[in-house]
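Whatever order the structure lists them in is the order used to number ligands and atoms, beginning at 1. None of the values given here were measured: they were computed from a predicted structure.
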Amino acid sequence: MRVIARVMLGKNYREAWEVFMAGREQLKLAAYAFADPPVPGFRYLPTRRNRRTWQLDKLVRSKITEIIKARLASSVYGDDLLGQMLWLQRSGAGANAENLSTEEMVGECRTFFMAGYETSANLITWAMFLLASHPRWQEMVRDEVVQEFPAHKPPLGDGLGKLKLLNMLLWETLRLYGPLSFLQRKTASDTILTHVKVPKGTMITIPLVMLHRDKEVWGPDADKFNPMRFQNGFARAAKHSHALLAFSYGPRVCVGQNFAMVEVQIVIATMLKSFSFSLSPTYVHKPSNFVTLTPKYGLPLIVRNLQLTR
Ligand code: HEM
């Protein structure tokens, strides 16, 4: 959470935290709204949940707007993402920069907060689950990390690109336990999808969980943990070069995917260097899809300090 708060509003870290907590609650409320009756205008009714959503919305907007105003007044835009947007807006350097209104900047901040925390946190969680469940892989990835980043060399910088096994492990985690279980799209025109006529304006849900475990695409071991399927690269792991859609594909592909992969690599490599992990006997395997895919009862791990055990 701190990572995305610093990246987005680093200079205003304390306010970022408040914005973030409010946004997080909003996201949960929005997820509950999926179960609302499909009554037009239902979201405008003053139900308790809607009122709370509006309250949070106001809070998030006013906080970010205040931060923007203060930075503009001081002419010190900051070296975080908001600072970059302000700089683009003021300098007119970016394409369509003049169109980036304060309202849009507020929207961008909200999107980044929402899109950039739970997803990465859950990738770390599920990767740790798989490492704890497959000790041989845990050893192999640790050996790779220690070889590239011995003793007191922190796992940062170009060396991360050499952590092939860790990358394979992360791709396999995204396949089996991708943070987002589905994507949604609305058809922009009448279309035909595998012989089915789909009228304009139809909402289509793309079930990533099913696609990622489809035996026709991934082979007979599609349900099994096998990071080696990625040994020849991402595009050759399945019958289709874009079968892994955890970060989506096309014009709406996740803009934060490289950032997320580096962030997660650093966190996992740092932990593996000093600790070993095994699953606690109290762990109950129940992936639960609420906004993102999480272990319903948490992920209790037994953690051992390697310096004490070696
Ligand atoms: C493991 C981590 C992540 C996963 C699995 C993930 C996944 C996704 C997916 C599937 C989408 C597309 C949604 C759609 O097409 O409907 C998306 C969009 C987006 N992601 Fe990520 N994401 C991750 C991390 C991040 C991070 C760290 C950031 C920010 C630093 C970020 C920022 C965004 C933004 C801004 C969008 C919207 C892009 C747009 O609509 O143009 N994501 N992400």
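- Residue L183 approaches ligand 1 through these ligand atoms, each under 4.0 Å from one of its heavy atoms: 10 (C), 13 (C), 14 (C), 15 (O), 16 (O).
- Using a 4.0 Å cut-off to heavy atoms of L180, the atoms of ligand 1 that qualify are 7 (C), 8 (C), 9 (C), 10 (C).
- The closest approach between G178 and ligand 1 stays at or above 4.0 Å for every heavy atom of the residue.
- For the pair R175 and W218, the cation-pi test (distance below 6.0 Å, angle within 45°) is passed.
- Between K239 and D214 there is no salt bridge, since no side-chain N of the basic residue sits under 4.0 Å from a carboxylate O of the acidic one.
- Near P179, meaning under 4.0 Å from any of its heavy atoms, are these atoms of ligand 1: 5 (C).
- An N or O contact shorter than 3.5 Å links R185 to ligand 1 by distance.
- For T53 and N50, the side-chain atoms include no donor-acceptor pair closer than 3.5 Å.
- For E139 and R142, the salt-bridge test passes: some basic side-chain N is under 4.0 Å from an acidic carboxylate O.
- N167 pairs with exactly one of Q265, K162, E172 by the side-chain hydrogen bond (donor to acceptor under 3.5 Å, both in side chains) rule, that one being Q265.
- Summary of contacts: the protein heavy atom closest to atom 5 (C) of ligand 1 is A246 O, 3.5 Å.
- Note on ring orientation: taking the six-membered ring where Trp is involved, the planes of W126 and F129 are perpendicular (angle over 60°, cut-offs 30° and 60°).
- Looking at R252 next to ligand 1, an N or O pair under 3.5 Å apart turns up.
- Residue pairs that meet the side-chain hydrogen bond (donor to acceptor under 3.5 Å, both in side chains) test with at least one member in residues 250-264, sequence neighbours left out, are S120-E263.
- F290 meets the ring pair (Phe, Tyr, Trp, His ring centres under 6.0 Å) test with Y32; sequence neighbours excluded.
- Under the 4.0 Å criterion applied to side-chain N and carboxylate O atoms, K200 and D190 are not assigned as salt-bridge partners.
- Listed by first and then second residue, the side-chain hydrogen bond (donor to acceptor under 3.5 Å, both in side chains) pairs that reach into residues 279-302 are E118-T292, N122-T292, Y177-H285, S181-N289, S280-T282, Y283-H285, sequence neighbours excluded.
- Counting only non-hydrogen atoms, the option in I4, V3, T292, I206 that gets closest to atom 30 (C) of ligand 1 is I4.
- Taking the six-membered ring where tryptophan is involved, the planes of F225 and W137 are perpendicular, since the angle between them exceeds 60° and thus also 30°.
- Shown in contact with L123 at under 4.0 Å from a heavy atom are these atoms of ligand 1, numbered in order with element: 1 (C).
- Protein heavy atom in closest approach to atom 37 (C) of ligand 1: T111 CG2, 4.4 Å.
- For atom 38 (C) of ligand 1, the nearest protein heavy atom (residue, atom name, distance) is V253 O, 4.2 Å.
- Shown in contact with F259 at under 4.0 Å from a heavy atom are these atoms of ligand 1, numbered in order with element: 27 (C), 30 (C).
- Ranking the protein heavy atoms by distance from atom 29 (C) of ligand 1 puts F112 CD2, 3.5 Å first.
- Between the side chain of K215 and the backbone N or O of D221, no donor-acceptor pair lies under 3.5 Å.
- Within the protein, the number of N/O/S atoms found under 2.8 Å from atom 21 (Fe) of ligand 1 is 1.
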